[in-house]
Amino acid sequence: MSESSGEAFPGLEERLRGVRAGIADACRDAGRSPEDVDLIVVTKFHPAELVAALAALGVRDMGENRHQEAQEKAEALSDLDLRWHFVGQLQTKKARQAARYAHAIHSIDRERLVDALVDGDRVIDAFLQVNLTEDPARGGAAPEELERLAERVLEAPALRLRGVMAVAPLDEPASAAFERLASYSERVRALAPEADAISAGMTHDYREAIAAGATHLRIGSAITGKRPEPR
Ligand SMILES: *Cc1c(COP(=O)(O)O)cnc(C)c1O
């Protein structure tokens, strides 16, 4: 590995290797190929230097959950060939700006957001975020809104519908919640067979997510280490 990344962020390479090994194990247990599972490293609150160190270790897919921070990092690191995944709540009025740097938006949760992204110069991967709880404050569309939202995305020239996304609830075993998510994925695929991606699985539940069919893991602290306080 490059010396600089090791010195600036001790343990980063080892943690990355550990998580990759954990993913491979979970895939083996689930009878799946690790090649069918994409790792997005969530770098929120960490400095651009840490993102650059991850890039030097071969990571290309980075996750961020705040527009301004993501925009600054994307700009600072524009010479690296990175793919930015927006995974947080996105304000409608910030959507078009996010569309300039984002490769994917995992948090499409309402029609107004789709309307804001309907046209643009680049095509962005779109994941429909589903709320797996009864609490609207937890983010995501209610399951009964999924079909309508999917149809809206399918009509948007600048969006490519990839599938569904969710965060596991705090008060329920992740595996049960991710089974529901898999059933929502089936509903979306009934409308759009190619939209077969499932974005699920974080530091504490990625094994359960892999068992339930996740194709895009969003893992932060297990790789980056403890997050600094948000700015
Ligand atoms: C922060 C965050 C993650 C990563 O969380 P970890 O527990 O650090 O792995 C994944 N998804 C979303 C939506 C997040 O906000």
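For ligands, and for the atoms within them, numbers begin at 1 and follow the listed sequence.
- In summary, the side chains of E64 and T43 do present a donor paired with an acceptor at a separation below 3.5 Å, with no hydrogens or angles considered.
- Between H106 and I40, the closest side-chain pair of non-hydrogen atoms falls below 4.5 Å.
- Proximity of H204 to ligand 1, defined as any heavy-atom pair under 4.0 Å, is not found for any part of the residue.
- Given atom 13 (C) of ligand 1, the protein heavy atom at minimum distance is V87 O, 3.4 Å.
- Side chain to side chain, Q71 and E75 fail the donor-acceptor criterion of an N or O pair below 3.5 Å.
- With a 4.0 Å cut-off on non-hydrogen atoms, K44 touches ligand 1 through its side chain and not its backbone.
- Side-chain atoms of N131 and T133 include a donor-acceptor pair closer than 3.5 Å.
- Nearest non-hydrogen protein atom to atom 11 (N) of ligand 1 is R218 NE, 2.9 Å.
- Distances from atom 5 (O) of ligand 1 to the heavy atoms of R66, M202, Q129 put M202 nearest.
- Classification of the H67-Y101 ring pair by plane angle, with boundaries at 30° and 60°, yields parallel.
- Under the 4.5 Å side-chain criterion, counting only non-hydrogen atoms from C-beta, I23 is in contact with Y206.
- Residue contact check: T203 has heavy atoms under 4.0 Å from atoms 6 (P), 7 (O), 8 (O), 9 (O) of ligand 1.
- Residue-ligand proximity, I219 to ligand 1, at heavy-atom distances under 4.0 Å covers atoms 9 (O).
- Atom numbering of ligand 1 starts at 1 in the shown order; those under 4.0 Å from a heavy atom of S221 are 6 (P), 7 (O), 8 (O), 9 (O).
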